[in-house]
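Source: prediction; values computed, not measured.
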Amino acid sequence: MSKHVLVVSTSLRKAGNSDLLADEFARGAKDAGNSVEKISLHGKNLGFCQGCLACQKTGRCVIQDDANEIAQKMHDADVLVFATPIYYYEMSGQMKTMLDRANPLYGSDYQFRDIYLLTCAAEQEESAPRRAIEGLQGWIDCFEKAQLSGTVFAGGVNNAGEIKGHSALKTAYNMGCSIG
């Protein structure tokens, strides 16, 4: 059965390494027969969560920006995929902001079950994305029907496009192919 896969690329660098990793995951998921939508946070207007919790009553954030539409798409997807560069051994600030702004999903009848994380860093150590994985896991822990289903890390890539030829691209593609 085909699944609706939402890929959220959080890099603000056009054609950046994590964005290219997201493209490969998306290509694999499409090749496996799934419906895939990719959203880039590049060029999106995302304000910080104000902590008012009005969204828990209304199902929408009071801030009128792009986060409401993205959160709704997250709500309706079967599979969520986040792609982020690793900044200072952590997910990008814009990814964290989007996760915070997805607070209206908490307590809702969200569709997603499987969540994937794709990361890139200049550092090569396998431990480089550990805090980003832990941060996303903390968000997932608030959604009892969801789970972290896989991660891909591309280390040793810094400049835009440097990921070309990296083995993580094939890993991301194959992980996308496994959805079905």
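Nearest heavy-atom pair across V7 and A26 is CG2-CB, 4.2 Å. Across all their heavy atoms, L41 and Q94 have their closest contact at CD1-O, 3.7 Å. Listed here is the closest heavy atom pair of D65 and G47: OD2-N, 2.6 Å. Considering every non-hydrogen atom in both S40 and K44, the closest pair reads O-CG, 3.3 Å. Heavy-atom minimum distance, N17 versus A160: OD1-C, 4.1 Å. Contact record, F153 with C120: CE1-C, 4.4 Å, taken as the closest heavy-atom pair.
Using modelled atom types and a 3.5 Å distance limit, the side chains of S11 and D19 yield no donor-acceptor pair. Side-chain atoms of T84 and S92 form a donor-acceptor pair, as typed in the model, at a separation below 3.5 Å. Side chains of D76 and Q72: a donor-acceptor N/O pair is present below 3.5 angstrom, by distance only. For the residue pair Q111 / D78, a side-chain donor-acceptor distance below 3.5 Å is found, with atom types taken as modelled.
Side chain of T119 to backbone of V152: a donor-acceptor contact under 3.5 angstrom is found. For the pair Q56 (side chain) and N103 (backbone), a donor-acceptor distance under 3.5 Å is present. Checked by atom type and distance alone, the side chain of D66 never pairs as donor or acceptor with a backbone atom of L46 at under 3.5 Å. Proximity of a side-chain donor or acceptor of T10 to a complementary backbone N or O of A83 within less than 3.5 Å is detected.
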F143/Y110 under ring-ring contact (aromatic ring centres under 6.0 Å, His included): CA gap, chis, key distance, verdict = CA-CA 9 Å; F143 297 92; Y110 56 88; 5.2 Å; yes
Decide yes or no on side-chain contact (heavy atoms from CB on, under 4.5 Å) for C52 and V62, but give the supporting numbers first.
-> CA-CA 9 Å; C52 68; V62 297; 4.0 Å; yes
Yes or no on side-chain contact (heavy atoms from CB on, under 4.5 Å) for I63 and Q50, after CA distance, side-chain angles and deciding distance?
-> CA-CA 9 Å; I63 302 170; Q50 298 174 357; 3.7 Å; yes
Working for side-chain contact (heavy atoms from CB on, under 4.5 Å), residues L169 and L21 | CA-CA 6 Å; L169 291 171; L21 198 59; 4.0 Å; yes
Would D100 and K96 satisfy salt bridge (charged side-chain N to carboxylate O under 4.0 Å, His left out), going step by step from the backbone distance to the final call?
-> CA-CA 6 Å; D100 290 347; K96 177 64 169 103; 2.5 Å; yes
Does the ring-ring contact (aromatic ring centres under 6.0 Å, His included) test come out yes or no for F25 and Y173, once each step is laid out?
-> CA-CA 4 Å; F25 188 103; Y173 173 80; 9.6 Å; no
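For E134 and R131, the salt-bridge test fails: no basic side-chain N is under 4.0 Å from an acidic carboxylate O.
Looking only at side-chain heavy atoms (C-beta outward), L118 and T151 stay at 4.5 Å or farther from each other.
When the shell of 6.0 Å around OH of Y106 is examined, it contains 12 or fewer heavy atoms from other residues, nucleotides or ligands.
For residues 137-165, the set of pairs meeting the salt bridge (Lys or Arg N to Asp or Glu O under 4.0 Å) definition, not counting sequence neighbours, comprises D109-K145.
Under the 30°/60° scheme for interplanar angles, the aromatic rings of W139 and F112 are found to lie parallel.
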